[in-house]
Novice: 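Quick one: structure below, then a few questions.
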Amino acid sequence: GVIGVFEIPSTVLPRHARLVLVIDGVRDPGNMGTLIRSAAAAECDAIILLPNSCDVFGPKAIRSGMGTTFKTHFIHSHSFESAVNQLKVTNHTTTAHTAHIAPPHQ
């Protein structure tokens, strides 16, 4: 067998980032890997991870990411507000999407 030991890089938001995905509350590693793979297919430049999501470098997340995990810039943020502020500072337009059903804002 072969084994490799690598340091997990600490990444900042790339200046050239056009499309950034913020992931919050994804606890299933298979779903996390699928999101990473989908972000790579959409040519997402970076993924901001919030604290209550699972480990993107866990075995199941890496398997379901099908290799795209190692080509992705990950930024760890301590809160949703911090992630949004980081995007605003870099002049990104932000939108929010959720799978939860909620009453419309009035």
Side-chain angles (χ1 to χ4, degrees):
V2 177
I3 189 167
V5 178
F6 303 92
E7 183 177 333
I8 297 173
S10 174
T11 307
V12 295
L13 187 62
R15 290 183 209 213
H16 70 278
R18 295 168 297 138
L19 182 61
V20 179
L21 175 64
V22 179
I23 297 178
D24 182 24
V26 176
R27 292 188 176 93
D28 180 83
N31 291 342
M32 178 64 79
T34 300
L35 283 171
I36 294 167
R37 193 174 69 239
S38 297
E43 297 182 359
C44 196
D45 298 304
I47 296 176
I48 298 177
L49 301 165
L50 298 179
N52 55 346
S53 293
C54 67
D55 182 13
V56 296
F57 296 106
K60 188 174 179 185
I62 288 177
R63 270 194 312 274
S64 62
M66 302 177 88
T68 57
T69 302
F70 303 110
K71 299 177 184 178
T72 304
H73 293 278
F74 293 104
I75 298 102
H76 293 273
S77 183
H78 63 278
S79 70
F80 180 77
E81 291 78 15
S82 174
V84 170
N85 287 336
Q86 187 175 11
L87 292 169
K88 284 182 180 179
V89 167
T90 55
N91 294 321
H92 281 85
T93 301
T94 57
T95 62
H97 305 274
T98 181
H100 300 286
I101 298 173
H105 293 286
Q106 298 187 6

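Nothing here was measured: the structure is a model prediction, and the numbers come from that model. Count residues from 1 along the sequence.
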Novice: side-chain contact (heavy atoms from CB on, under 4.5 Å) for Asp45 and His16? Distances and angles first, verdict last.
Specialist: CA-CA 8 Å; Asp45 298 304; His16 70 278; 4.3 Å; yes
Novice: Are Phe57 and Ile75 connected into the same hydrophobic cluster when the rule is that any two of I, L, V, M, F, W, Y join if their side-chain heavy atoms are below 4.5 Å apart?
Specialist: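 No.
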Novice: Would you compute the distance between atom OG1 of Thr72 and atom CG of Leu21 and round it to the nearest 0.5 angstrom?
Specialist: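 Going from OG1 on Thr72 over to CG on Leu21, the span is 10.0 Å.
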Novice: When you group the ILVMFWY residues by side-chain heavy-atom contacts below 4.5 Å and let the links chain together, are Val26 and Leu49 in the same group?
Specialist: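 Yes, it is one cluster - the side chains of Leu49 and Val26 are joined through contacts under 4.5 Å.
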Novice: Compare every heavy atom of Ile62 with every heavy atom of Val56, then report the nearest pair and how far apart it is.
Specialist: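 In this case the closest contact between Val56 and Ile62 is O-CG1, 3.8 Å.
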Novice: Tell me, do Val12 and His73 make a side-chain contact under 4.5 Å, heavy atoms counted?
Specialist: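 No. Closest side-chain heavy atoms not under 4.5 Å.
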Novice: Honestly curious: do Val20 and Ile23 fall in one hydrophobic cluster under the side-chain, below-4.5 Å linking rule?
Specialist: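 Per the 4.5 Å side-chain linkage, Val20 and Ile23 are not co-clustered.
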Novice: Would you be so kind as to tabulate the donor-acceptor pairs closer than 3.5 Å made by side chains of residues 79-88, with sequence neighbours excluded?
Specialist:
residue, atom, partner, partner atom, Å
Ser79, OG, Ser82, N, 3.1
Ser82, OG, Ser77, OG, 3.4
Asn85, ND2, Glu81, O, 3.2

Novice: Side-chain atoms of residues 28-42: list all donor-acceptor pairs with protein atoms under 3.5 Å, sequence neighbours left out, distances to 0.1 Å.
Specialist:
residue, atom, partner, partner atom, Å
Asp28, OD2, Gly30, N, 3.0
Asp28, OD2, Asn31, N, 2.9
Thr34, OG1, Gly30, O, 2.9
Arg37, NH1, Ser64, O, 2.3
Ser38, OG, Thr34, O, 2.9

Novice: Once you round to the nearest 0.5 Å, how far does NE2 of His76 lie from CD1 of Ile48?
Specialist: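 Interatomic distance, His76 NE2 to Ile48 CD1, rounded to 0.5 Å: 11.0 Å.
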